[in-house]
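One structure is given below, encoded as C-alpha coordinates.
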Amino acid sequence: PHRNPMLLVDKVLEIEGGESPANRAGRYIRAVKCVTMNEPFFPGHFPQKPIMPGVLIIEALAQACALLAAKPLPPDSARFDFFIVGIETARFRKPVVPGDSLELHCTILKERSRVFTFNCEAKVEGQVVTQAEIMATMIPVAKS
(Lines give C-alpha, C1' and ligand atoms only; values in the text may rest on other atoms or scores of the structure.)
Protein backbone atom coordinates (compact mmCIF):
# COMPACT_ATOMS: atom_id res chain seq x y z
CA PRO A 1 0.00 0.00 0.00
CA HIS A 2 3.00 2.36 0.19
CA ARG A 3 3.22 5.35 -2.13
CA ASN A 4 5.73 8.16 -2.51
CA PRO A 5 7.25 9.63 -0.45
CA MET A 6 7.06 6.51 1.78
CA LEU A 7 7.72 3.93 -0.93
CA LEU A 8 11.26 2.80 -0.14
CA VAL A 9 11.66 -0.22 -2.44
CA ASP A 10 12.37 0.68 -6.05
CA LYS A 11 12.89 -2.78 -7.51
CA VAL A 12 12.78 -6.45 -6.54
CA LEU A 13 15.80 -8.24 -7.97
CA GLU A 14 14.99 -11.76 -6.79
CA ILE A 15 12.79 -13.83 -4.52
CA GLU A 16 13.91 -17.35 -3.71
CA GLY A 17 12.44 -20.18 -1.71
CA GLY A 18 9.39 -22.39 -1.49
CA GLU A 19 6.30 -21.44 -3.40
CA SER A 20 3.95 -22.69 -0.67
CA PRO A 21 2.26 -20.10 1.54
CA ALA A 22 2.05 -22.81 4.22
CA ASN A 23 5.82 -22.82 4.86
CA ARG A 24 7.72 -19.69 3.97
CA ALA A 25 10.69 -20.11 6.36
CA GLY A 26 13.95 -19.77 4.45
CA ARG A 27 12.45 -17.60 1.69
CA TYR A 28 14.74 -14.77 0.63
CA ILE A 29 14.35 -11.44 -1.15
CA ARG A 30 16.90 -9.07 -2.65
CA ALA A 31 15.53 -5.65 -3.50
CA VAL A 32 16.98 -2.21 -4.13
CA LYS A 33 16.37 1.38 -3.07
CA CYS A 34 18.19 3.99 -5.19
CA VAL A 35 19.04 6.81 -2.82
CA THR A 36 18.95 10.21 -4.54
CA MET A 37 19.43 13.78 -3.37
CA ASN A 38 15.73 14.33 -4.22
CA GLU A 39 14.60 12.31 -1.18
CA PRO A 40 12.31 14.50 0.97
CA PHE A 41 14.32 13.90 4.16
CA PHE A 42 17.73 15.11 2.92
CA PRO A 43 17.14 18.87 3.24
CA GLY A 44 16.72 18.38 7.00
CA HIS A 45 18.99 15.36 7.63
CA PHE A 46 21.48 17.01 7.38
CA PRO A 47 21.78 20.12 5.18
CA GLN A 48 25.60 20.12 5.12
CA LYS A 49 26.08 16.33 5.14
CA PRO A 50 23.01 14.44 3.85
CA ILE A 51 22.62 11.00 5.47
CA MET A 52 19.66 8.64 5.09
CA PRO A 53 18.01 8.27 8.53
CA GLY A 54 18.52 4.84 10.07
CA VAL A 55 14.82 4.51 10.80
CA LEU A 56 14.11 4.83 7.05
CA ILE A 57 16.69 2.15 6.25
CA ILE A 58 14.81 -0.11 8.69
CA GLU A 59 11.54 0.90 7.00
CA ALA A 60 12.99 0.01 3.57
CA LEU A 61 14.01 -3.40 4.94
CA ALA A 62 10.52 -3.86 6.44
CA GLN A 63 8.90 -3.02 3.10
CA ALA A 64 11.06 -5.67 1.43
CA CYS A 65 10.00 -8.10 4.17
CA ALA A 66 6.34 -7.31 3.45
CA LEU A 67 6.83 -8.10 -0.23
CA LEU A 68 8.49 -11.38 0.71
CA ALA A 69 5.77 -12.41 3.17
CA ALA A 70 2.93 -11.44 0.83
CA LYS A 71 4.10 -13.71 -1.99
CA PRO A 72 2.75 -16.21 -2.60
CA LEU A 73 -0.72 -15.72 -1.21
CA PRO A 74 -3.59 -17.75 -2.60
CA PRO A 75 -5.44 -15.82 -5.35
CA ASP A 76 -8.66 -15.68 -3.31
CA SER A 77 -7.00 -14.52 -0.07
CA ALA A 78 -7.89 -11.28 1.66
CA ARG A 79 -5.73 -8.19 1.35
CA PHE A 80 -3.34 -7.76 4.27
CA ASP A 81 -1.62 -4.85 5.94
CA PHE A 82 1.86 -5.46 7.30
CA PHE A 83 3.01 -3.95 10.60
CA ILE A 84 6.38 -4.00 12.38
CA VAL A 85 5.93 -5.42 15.89
CA GLY A 86 9.58 -5.57 16.95
CA ILE A 87 13.15 -4.82 15.97
CA GLU A 88 16.04 -6.69 17.53
CA THR A 89 19.77 -6.19 17.28
CA ALA A 90 19.63 -3.27 14.84
CA ARG A 91 23.13 -2.09 13.94
CA PHE A 92 24.14 0.80 11.70
CA ARG A 93 27.64 0.20 10.34
CA LYS A 94 28.07 2.98 7.75
CA PRO A 95 26.11 6.02 6.59
CA VAL A 96 23.94 5.86 3.47
CA VAL A 97 24.26 8.97 1.29
CA PRO A 98 22.80 10.30 -1.98
CA GLY A 99 24.00 8.28 -4.95
CA ASP A 100 24.10 4.99 -3.02
CA SER A 101 22.24 1.96 -4.29
CA LEU A 102 20.90 0.35 -1.13
CA GLU A 103 20.51 -3.43 -1.53
CA LEU A 104 17.96 -4.94 0.81
CA HIS A 105 18.48 -8.59 1.77
CA CYS A 106 15.82 -10.29 3.92
CA THR A 107 15.22 -13.92 4.88
CA ILE A 108 12.22 -15.33 6.73
CA LEU A 109 13.55 -17.07 9.84
CA LYS A 110 10.18 -18.21 11.15
CA GLU A 111 6.46 -17.70 10.77
CA ARG A 112 3.87 -18.41 13.42
CA SER A 113 0.23 -17.35 13.28
CA ARG A 114 0.84 -14.45 10.85
CA VAL A 115 3.83 -13.21 12.88
CA PHE A 116 7.10 -13.34 10.98
CA THR A 117 10.72 -13.00 12.06
CA PHE A 118 13.19 -11.82 9.41
CA ASN A 119 16.95 -11.59 9.27
CA CYS A 120 17.79 -8.41 7.34
CA GLU A 121 20.85 -6.69 5.93
CA ALA A 122 21.18 -3.52 3.89
CA LYS A 123 24.32 -3.28 1.74
CA VAL A 124 26.02 -0.62 -0.35
CA GLU A 125 28.57 -1.88 -2.89
CA GLY A 126 28.60 -5.27 -1.15
CA GLN A 127 29.36 -3.84 2.31
CA VAL A 128 26.85 -4.25 5.12
CA VAL A 129 25.62 -0.84 6.27
CA THR A 130 22.68 -1.98 8.44
CA GLN A 131 21.67 -5.24 10.10
CA ALA A 132 18.48 -6.02 12.01
CA GLU A 133 16.11 -8.76 13.01
CA ILE A 134 12.60 -7.54 12.25
CA MET A 135 9.38 -9.02 13.56
CA ALA A 136 6.17 -8.14 11.75
CA THR A 137 2.59 -9.25 11.46
CA MET A 138 0.09 -9.50 8.61
CA ILE A 139 -3.40 -8.30 9.51
CA PRO A 140 -6.33 -8.92 7.12
CA VAL A 141 -7.93 -5.69 5.92
CA ALA A 142 -11.60 -5.46 6.81
CA LYS A 143 -13.82 -5.41 3.75
CA SER A 144 -15.95 -2.28 3.47
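FYI, the numbering just counts along the sequence from 1.
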> With a 4.5 Å heavy-atom cut-off, do L13 and K11 have their side chains touching?
Replying inline: yes
>> Can you confirm whether F42 sits close enough to T36 that some side-chain heavy atom of one is under 4.5 Å from a side-chain heavy atom of the other?
In response: no
Please output the side-chain donor-acceptor pairs of residues 114-131 that fall under 3.5 Å, not counting sequence neighbours, one pair per line with the distance.
{"unit_1": "Q127", "atom_1": "OE1", "unit_2": "K94", "atom_2": "NZ", "d": "3.0"}
{"unit_1": "Q131", "atom_1": "OE1", "unit_2": "R93", "atom_2": "NE", "d": "2.9"}
{"unit_1": "Q131", "atom_1": "OE1", "unit_2": "R93", "atom_2": "NH2", "d": "2.7"}

> Of all heavy-atom pairs between F41 and P53, which one has the smallest distance, and what is that distance?
Replying inline: CD1-CD, 3.4 Å
> When rounded to the nearest 0.5 angstrom, what is the spacing between CZ in R27 and CG in L109?
Replying inline: 14.0 Å
>> If hydrophobic clusters are built from ILVMFWY residues whose side chains come within less than 4.5 Å, do M138 and V12 share one?
In response: yes
> Should M135 and E88 count as side-chain neighbours, where that means a heavy-atom distance under 4.5 Å?
Replying inline: yes
>> Testing the basics here: between A69 and R24, what is the closest heavy-atom pair and its distance to 0.1 Å?
In response: O-NH1, 2.6 Å
> Under 4.5 Å between any side-chain heavy atoms of I51 and V96, yes or no?
Replying inline: no
Just distance, no hydrogens or angles: give the donor-acceptor pairs under 3.5 Å from side chains in residues 56-66, sequence neighbours left out.
{"unit_1": "E59", "atom_1": "OE2", "unit_2": "H2", "atom_2": "NE2", "d": "3.4"}
{"unit_1": "E59", "atom_1": "OE2", "unit_2": "Q63", "atom_2": "NE2", "d": "3.0"}
{"unit_1": "Q63", "atom_1": "OE1", "unit_2": "L8", "atom_2": "N", "d": "2.8"}
{"unit_1": "Q63", "atom_1": "NE2", "unit_2": "M6", "atom_2": "O", "d": "2.7"}

>> How long is the straight-line distance from CZ of F82 back to OG1 of T137, given to the nearest 0.5 Å?
In response: 8.0 Å
> Between V55 and V35, is there a shared hydrophobic cluster once you connect ILVMFWY residues whose side-chain heavy atoms come closer than 4.5 Å?
Replying inline: yes
> So does E133 pair up with R91, basic N to acidic O under 4.0 Å?
Replying inline: no
>> Do F80 and V141 make a side-chain contact, defined as non-hydrogen atoms from C-beta onward lying under 4.5 Å apart?
In response: no
Can you give the donor-acceptor pairs under 3.5 Å from side chains of residues 97-108 to other protein atoms, not counting sequence neighbours?
{"unit_1": "D100", "atom_1": "OD2", "unit_2": "V97", "atom_2": "N", "d": "2.9"}
{"unit_1": "E103", "atom_1": "OE1", "unit_2": "H105", "atom_2": "NE2", "d": "2.8"}
{"unit_1": "H105", "atom_1": "ND1", "unit_2": "Y28", "atom_2": "OH", "d": "2.5"}

> Mind checking whether V32 and M52 sit in one hydrophobic cluster, side chains of I, L, V, M, F, W, Y counted as touching below 4.5 Å?
Replying inline: no
